[in-house]
Amino acid sequence: MPFLLLLLLTLACLPDPQDRTHPPDWLGDRGSMVVTWASMIAVAAIAWGASWRLRRRLAADPSCREEVLRRYASARFCNVILLFIAFGLDLFAFGWGYVASEPLAKEMPAWLPVIEVLILAPFLAGLILSWAIFYEVERALHASNGPEEDARPFWTRRTYVWFHIRQNAAIVFVPVLLLIMVKNVPRLLPEGSERWQEIAAVLAPVGVLAVMPWILRITLGLRPLPDGELKDRLEAASRRLSFRCNGIMLWNTRSGVANALMVGVLPFLRYVVLSDRLIAEMTPDEVEAVFGHEVGHVKHRHMIYFMGFLMVSVAAVLAVLDVVVPSIWTSNGPDSWFRLTAHRDLAMLPMVVLLGTYIFVVFGFVSRRCERQADIYGCRTVSCGQPDCSGHEGAVLQPGARGLCGTGIRTFISALEKVARLNGISRDKPGWFQSWQHSTIARRVDFLQSVLVEPAVEQRFQRRVMILKWALFVGLGALFLLFTFVLHRQMADESRELQGAQAVSLRSLGARS
């Protein structure tokens with residue numbers, strides 16, 4: 001969800017105030033405001049109904065917890081989709097973007113994201129209200145998870161909502177506001193400095209990516225991992241894997257989340273983050289395996305590949321839209337409401353739909369393969385390299401994660417199973433919304449089990465992933481060049497037609513004289 005939120009909220013804030021859709025005459029500015037906020041309340045009411053039904057189902061039959069988990073994941077997914085649809089209609093059909101931005105458009109400095117905050121306020125309110133509503137389901141699922149889990153105090157509604165606000169602020173909302181400020185950086189430069197404006201427009205997003213680890217550290221309240229045996233072990237693993245970072249951080253979630261993540265691309269701006277519950281509930285071997293999984297993303301250069309892949313993908317999608325969209329969306333007549341050129345911010349709609357679909361399908365497919373690569377690296381991190389290994393008593397782990405043994409694979413499988421159980425995720429059917437980027441725990445475990453039975457499976461998989469990555473890059477590059485060539489041909493043809501029409505006009509004018 002964070003990636004989807006980041007994409008769509010950024011696109012919602014990009015149009016300038018003068019380019020936004022005006023509210024229909026029959027609705028007016030006040031009506032647009034009422035409809036916008038009413039739509040968010042309606043989505044929250046639907047969330048309350050879903051929450052009530054799930055809690056009632058679980059109370060009637062506690063043994064159906066797995067089924068309730070699947071339905072809960074689907075309910076959260078549908079809730080976010082409804083929020084996007086309702087907010088999209090508010091922006092593009094009922095003119096909320098114009099109503100929120102027009103009064104302040106000339107008064108506020110362009111680089112301050114005040115207008116964008118006002119535009120996003122209804123969506124953010126609906127999202128926070130949905131979190132508060134779904135808290136009841138989370139608490140009921142926690143209470144049904146067994147006596148050991150029930151003994152652990154569940155957080156209050158306020159701390160639950162505040163945790164989600166901080167998490168999404170770090171990953172989504174703060175980057176969106178920074179990107180909006182970045183968009184206006186060239187406007188602060190004096191007129192006539194087009195070259196410097198172009199340089200600023202390119203360097204500013206790089207600056208946003210550079211400060212993201214610090215933003216996450218502040219907003220998530222990250223602290224260095226305390227000194228002790230675990231820290232010494234992970235630092236020794238870093239040296240054994242030839243991995244560099246700025247620090248191993250502890251994420252205090254009040255025992256609410258068992259997770260780990262890697263933030264930052266450059267070594268001196270990179271953190272490995274481990275949550276408090278992950279450290280508390282897993283064995284040192286399992287924590288080291290999870291740590292190795294995060295290191296695997298760096299060793300396989302997944303972050304760099306994802307950034308390059310997304311940039312090439314966006315360029316290819318825009319090239320396709322430049323050729324295809326004008327011939328489709330401008331064919332409804334000059335007075336048609338559905339004609340994109342009549343509503344300038346609606347011109348973004350094809351890009352949103354195509355880019356969103358592309359990211360979910362293609363990027364999700366690639367991301368799941370990269371996740372399996374990181375899983376294998378996590379297994380290698382705690383492997384001794386002996387094919388007939390039955391335990392690591394006195395065994396020496398392989399430097400550079402070059403070995404792979406049964407104990408290492410089983411250790412990482414155990415860590416995966418605990419992640420599903422501790423986070424209340426369905427092992428087999430968590431919902432596509434939760435598995436489109438990482439796949440299900442069951443499928444990841446099944447793949448590692450196949451590697452445990454036949455080690456050659458891993459080598460074949462690595463070759464296929466390498467071919468897939470290069471094929472996608474080459475294919476996207478070829479698609480971009482092809483449609484760019486077609487676009488230039490179309491522009492050249494239009495230019496020749498215009499010159500011919502001008503020549504005919506001049507000849508007819510000379511004949512009259």
Side-chain angles (χ1 to χ4, degrees), residues 1-11 167-168 170-172 174-176 178-179 182 202-213 215-216 243-246 259-273 290 292-319 351-352 354-378 432-439 444 461-480:
M1 187 178 73
F3 186 81
L4 182 63
L5 280 173
L6 181 60
L7 172 67
L8 295 183
L9 295 187
T10 301
L11 293 175
Q167 182 181 12
N168 284 274
I171 300 174
V172 179
V174 172
V176 167
L178 284 174
L179 289 172
V182 162
V202 172
L203 293 181
V206 177
V208 172
L209 289 175
V211 300
M212 272 301 297
I215 294 173
L216 287 171
F243 168 73
R244 293 182 298 157
C245 66
N246 195 27
N259 201 0
L261 61 148
M262 178 81 66
V263 293
V265 178
L266 300 177
F268 59 90
L269 292 175
R270 179 189 296 147
Y271 297 113
V272 179
V273 181
V290 173
H293 171 94
E294 301 303 326
V295 174
H297 284 302
V298 175
K299 292 298 183 177
H300 286 288
R301 299 176 178 84
H302 289 160
M303 297 179 188
I304 297 174
Y305 178 83
F306 288 157
M307 288 191 293
F309 175 78
L310 289 175
M311 286 190 292
V312 175
S313 297
V314 170
V317 169
L318 292 178
M351 182 179 69
V352 173
L354 184 57
L355 191 59
T357 304
Y358 172 85
I359 286 176
F360 270 112
V361 176
V362 181
F363 180 77
F365 180 80
V366 176
S367 177
R368 291 192 293 273
R369 271 66 191 167
C370 291
E371 202 66 26
R372 288 189 180 182
Q373 280 189 314
D375 287 348
I376 293 172
Y377 200 91
W432 188 75
F433 187 58
Q434 289 189 344
S435 62
W436 72 276
Q437 196 174 357
H438 294 85
S439 190
R444 292 167 68 179
F461 168 78
Q462 298 285 11
R463 285 196 298 268
R464 287 197 300 266
V465 172
M466 183 182 66
I467 294 172
L468 171 66
K469 289 180 179 179
W470 281 106
L472 279 174
F473 250 112
V474 173
L476 288 170
L479 190 67
F480 170 73

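Reckoned from all heavy atoms, side chains included, excluding hydrogens, waters and symmetry mates.
Under the rule for a side-chain hydrogen bond (donor to acceptor under 3.5 Å, both in side chains), Arg372 has no partner lying at least two apart in sequence or in another chain. With sequence neighbours left out, Phe480 forms a ring-ring contact (aromatic ring centres under 6.0 Å, His included) with no residue at all. Under the side-chain hydrogen bond (donor to acceptor under 3.5 Å, both in side chains) criterion, Glu371 pairs with His293, sequence neighbours left out. Legend: residues meeting ring-ring contact (aromatic ring centres under 6.0 Å, His included) with Phe243, ordered by chain and number and at least two apart, are absent. Considering only residues two or more places apart in sequence or on other chains, Arg301 meets the side chain to side chain contact (heavy atoms under 4.5 Å, CB included) condition with none of them. Not counting sequence neighbours, the partners of Met466 by the side chain to side chain contact (heavy atoms under 4.5 Å, CB included) test are Trp470. For Phe365, the side chain to side chain contact (heavy atoms under 4.5 Å, CB included) partners at least two apart in sequence or on another chain are Arg368, Arg369, Leu468. For Lys299, the side-chain hydrogen bond (donor to acceptor under 3.5 Å, both in side chains) criterion is met by no residue, not counting sequence neighbours. A search for side chain to side chain contact (heavy atoms under 4.5 Å, CB included) contacts involving Leu261 returns Trp251, Val263, Val273, not counting sequence neighbours.
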Which donor-acceptor pairs under 3.5 Å do the side chains of residues 308-318 make with protein atoms, sequence neighbours left out?
| unit_1 | atom_1 | unit_2 | atom_2 | d |
| --- | --- | --- | --- | --- |
| Ser313 | OG | Phe309 | O | 2.6 |
| Ser313 | OG | Tyr358 | OH | 2.8 |

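Heavy atoms only, all atoms of each residue included: Pro213 and Gly264 are closest at CG-CA, 3.7 Å.
Within the model, atoms CZ of Phe306 and SG of Cys370 stand 4.0 Å from one another, a figure rounded to the nearest 0.5 Å. Note that NE2 of His297 and CD1 of Ile304 are 14.0 Å apart. Values are rounded to the nearest 0.5 Å. For the atom pair CG of Asn246 and OH of Tyr271, the computed distance is 4.5 Å after rounding to the nearest 0.5 Å. In this structure, the separation between CD on Gln373 and CZ on Phe461 is 5.5 Å, given to the nearest 0.5 Å. How far CE of Met303 is from CE of Met262: 5.5 Å, rounded to the nearest 0.5 Å.
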Worked check of side-chain contact (heavy atoms from CB on, under 4.5 Å) between Val298 and Tyr377 | CA-CA 10 Å; Val298 175; Tyr377 200 91; over 6 Å; no
| task | Test side-chain contact (heavy atoms from CB on, under 4.5 Å) on Gln462 and Ile376 and set out the steps. | result | CA-CA 10 Å; Gln462 298 285 11; Ile376 293 172; 4.0 Å; yes
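Sequence neighbours left out, not one pair with a member in residues 259-270 passes side-chain hydrogen bond (donor to acceptor under 3.5 Å, both in side chains).
Put simply, the side chain of Val465 does not reach to within 4.5 Å of the side chain of His300, judged on heavy atoms.
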